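The structure under discussion appears below in the form of structure tokens.
Residue numbers start from 1 in every chain, and the chains themselves are labelled A, B, ... in the order their sequence lines are given, proteins ahead of strands. Computed from a predicted structure; not experimentally measured.
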Number of protein chains: 2
Amino acid sequence: MTDRLLPSSKALTIATEVRRRIVDREWRQGDRIPDEAALAVEFGVARATVNKALQLLADEGLLDRKRRAGTHVTINPARKATFTIPIVREQIEAAGMVYSHRVVAQKIRPAPAEIAARMGEPEGAAMIHLRTVHFGDAKPFQLEDRWINPRAAPGVEAVDFQRNNPNEWLVRNYPWLRGQLAFSAENADARDARLLETRQGTALLILQRTTWNDLGAITSVRLAFHPGYCMVAIP
Amino acid sequence: MTDRLLPSSKALTIATEVRRRIVDREWRQGDRIPDEAALAVEFGVARATVNKALQLLADEGLLDRKRRAGTHVTINPARKATFTIPIVREQIEAAGMVYSHRVVAQKIRPAPAEIAARMGEPEGAAMIHLRTVHFGDAKPFQLEDRWINPRAAPGVEAVDFQRNNPNEWLVRNYPWLRGQLAFSAENADARDARLLETRQGTALLILQRTTWNDLGAITSVRLAFHPGYCMVAIP
DNA sequence: TAGTGGTCTAGACCACATC
DNA sequence: ATGTGGTCTAGACCACTAC
């Protein structure tokens, strides 16, 4: 009854088995489980292998591990979900549509207070402001409102963003060290509605992202997805 | 200039240094980096330690690793973000507010087609349907519309959800093996608006989640957050 | 077919927190 | 004080795949 596709490594096999014992309630929430040495004997592997398996489950949030106290099944497992930060072009092409984009505005402007604060840069710093619509099969898919800090991304002033997707250019040329990312929902304003070809007031999924490298904030962007868009994560 | 807080382990130190080389463009997108053996010599550690560091960066999406082909800096790094699946009570209490909840509806009902399909259960299967409002300082924070499958969570019929927060009870008693999770935005309908004390049409962030264990789908829930709510992730 | 990463082992030492 | 996990090492064998 417990047979499934076998994970390909010993560590994964052990992780799967331990997960099963937890899900099947052989080991209950709060229980202390056998220590690494004991499990190593039980499974006939080295302790390092058990350690790898249990660290995996601890990362998933299923186990709490502490030196000396041992390993316990998490009582209130606030588990984690991961999602891949989407690249519009790939998203659209993966859906079998033809990708295109149009830059509807590009200007060098002083950063407004809100953006400057979010990026940790002085208010009024000169930045590139871009508004881009991304299309799938000529239907608006995503609206991008981006500020780029030339001091953290030298050379960016010379880029032709009609040819180069701004996100792809940045990510390829200026990898980031640290980022922040938030989801929210907003009612479409007049401009959102016009560019996304929908009605004002429609609920839009908003993804707000800011990234930094050694030199400071690279870029801060607000992505508004077309109505009905759904972003899936993998817990 | 590159001095930062030192990571506490050799593997993390190496990961940090390799990340720095990528961010500082010593190693460019698409470049092949030295193999594990070479880096082990350079850093004066065992190959296993380098392996651990590089696997970490590969998980982050910064490196592509293939046997025989070596390790390359990812060309178009679609990096990952993780967020902790929130537990309402903790969220509210962490914000310094007083948590409370009210079950506004609880019934055993046949699963409607959409829910059954999402859960992979037969249409019309008897399930518990719950509607709960979660409050922070008596202000509506989150609206929960949940279906629970008693066949995957035996004993659930007897639980008093006025006393036990449904999510906490389930998560403590029936850990899940597999889950699905999606974000979207919806305009508040009449009921959403009434329960969240807002206006109809307001944009709401929606989190839709379904979880499974060995016995089948445990629960499927739609969480609607109060207007303006923002969910933060850690890339 | 040979070079690369993936994984495992046996052993070791250490840090930490509980007992 | 002592038992637990955290980490590292040196060595080994294997799987994959680019050459």
Side-chain angles (χ1 to χ4, degrees), chain A residues 4-19 21-22 27-75 77 79-80, chain B residues 4-19 21-22 27-75 77 79-80:
Chain A
R4 314 184 152 275
L5 293 181
L6 293 185
S8 44
S9 76
K10 292 190 187 180
L12 287 181
T13 306
I14 292 167
T16 302
E17 168 61 11
V18 171
R19 207 184 282 113
R21 291 184 189 178
I22 294 169
W27 292 339
R28 306 285 189 103
Q29 323 292 104
D31 283 1
R32 175 166 173 179
I33 76 171
D35 65 30
E36 295 186 347
L39 292 173
V41 171
E42 177 191 340
F43 291 113
V45 301
R47 181 167 78 91
T49 306
V50 173
N51 182 277
K52 193 174 175 184
L54 298 187
Q55 289 207 10
L56 185 72
L57 297 178
D59 283 345
E60 284 181 15
L62 267 186
L63 296 177
D64 279 332
R65 321 191 71 213
K66 267 190 286 194
R67 284 162 149 126
R68 170 80 211 208
T71 298
H72 294 258
V73 181
T74 306
I75 293 189
R79 291 171 61 186
K80 298 186 183 76
Chain B
R4 314 184 153 276
L5 293 181
L6 293 185
S8 44
S9 77
K10 293 190 186 178
L12 286 181
T13 305
I14 292 167
T16 302
E17 168 61 12
V18 171
R19 206 185 283 111
R21 290 184 189 178
I22 294 170
W27 291 340
R28 307 287 188 102
Q29 323 293 102
D31 284 0
R32 174 166 176 181
I33 76 170
D35 65 29
E36 295 186 347
L39 291 173
V41 171
E42 178 192 339
F43 291 113
V45 301
R47 181 168 76 92
T49 306
V50 172
N51 182 276
K52 191 174 176 183
L54 297 188
Q55 289 208 10
L56 185 73
L57 298 178
D59 284 345
E60 283 181 15
L62 268 186
L63 296 177
D64 278 332
R65 322 192 70 213
K66 265 189 286 195
R67 286 162 149 125
R68 171 79 211 208
T71 298
H72 293 257
V73 181
T74 305
I75 292 188
R79 290 170 63 183
K80 299 185 181 75

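- Look at Lys10(B) and you'll find a side-chain N or O under 4.0 angstrom from OP1 or OP2 of dT9(D).
- Only Lys52(B), listed by number, bring a heavy atom of residues 52-62 of chain B to less than 4.0 angstrom from any atom of DNA chain D.
- Salt bridge status for Glu36(B) with Arg67(B): absent, with no side-chain N to carboxylate O gap under 4.0 Å.
- Annotation: salt bridge (charged side-chain N to carboxylate O under 4.0 Å, His left out) contacts of Arg32(B) (sequence neighbours excluded): none.
- Comparing dG5(C), dA10(D), dT18(C) against the side chain of Thr71(B) picks out dG5(C) as the nearest.
- At least one donor-acceptor pair under 3.5 Å links the side chain of Thr13(B) to the backbone N or O of Ser9(B).
- Atoms CG (Asp64(B)) and P (dT4(C)) sit 17 Å apart, rounded to a whole Å.
- A donor-acceptor distance shorter than 3.5 angstrom exists from the side chain of Thr74(B) to the backbone of Leu63(B), with no hydrogens or angles considered.
- Rounded to whole Å, the distance from CG on Leu63(B) to P on dG6(C) is 11 Å.
- One distance of note links CZ of Arg68(B) with CG of Asp35(B); it measures 11.5 Å at 0.5 Å rounding.
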Distances under 3.5 Å only, N/O to N/O: pair up the protein atoms with those of nucleotides 12-14 of chain D.
{"residue": "dA12(D)", "atom": "N6", "partner": "Arg47(B)", "partner atom": "NH2", "Å": "3.0"}

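- Side-chain atoms of Arg68(A) and base atoms of dA15(C) include no donor and acceptor less than 3.5 Å apart.
- In this structure Gln29(A) satisfies the side-chain hydrogen bond (donor to acceptor under 3.5 Å, both in side chains) test with no other residue, sequence neighbours excluded.
- Between Arg21(A) and Glu42(A), at least one side-chain N (NZ, or NE/NH1/NH2) sits under 4.0 Å from a carboxylate O, which counts as a salt bridge.
- Residues satisfying the side-chain hydrogen bond (donor to acceptor under 3.5 Å, both in side chains) criterion with Arg28(B), sequence neighbours excluded, are absent altogether.
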Glu60(A) and Arg79(A): CA distance, side-chain angles, deciding distance, side-chain contact (heavy atoms from CB on, under 4.5 Å) verdict: CA-CA 6 Å; Glu60(A) 284 181 15; Arg79(A) 291 171 61 186; 3.9 Å; yes

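- Near DNA chain D, meaning a heavy atom under 4.0 Å away, the residues from residues 27-43 of chain A are Arg32(A), Asp35(A), Glu36(A).
- Comparing dG6(D), dC8(C), dG5(C) against the side chain of Asn51(A) picks out dG6(D) as the nearest.
- Taking side-chain N and O atoms only, Arg65(B) has a distance below 4.0 Å to OP1 or OP2 of dG6(C).
- Remark: the backbone N or O of Asp64(A) is not paired with any side-chain donor or acceptor of His72(A) at under 3.5 angstrom.
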Would you please test Asp59(A) and Gln55(A) for side-chain hydrogen bond (donor to acceptor under 3.5 Å, both in side chains) and show each step? CA-CA 6 Å; Asp59(A) 283 345; Gln55(A) 289 207 10; over 6 Å; no

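- Residue Thr49(A) has no polar side-chain atom (N or O) positioned under 4.0 Å from OP1 or OP2 of dT7(C).
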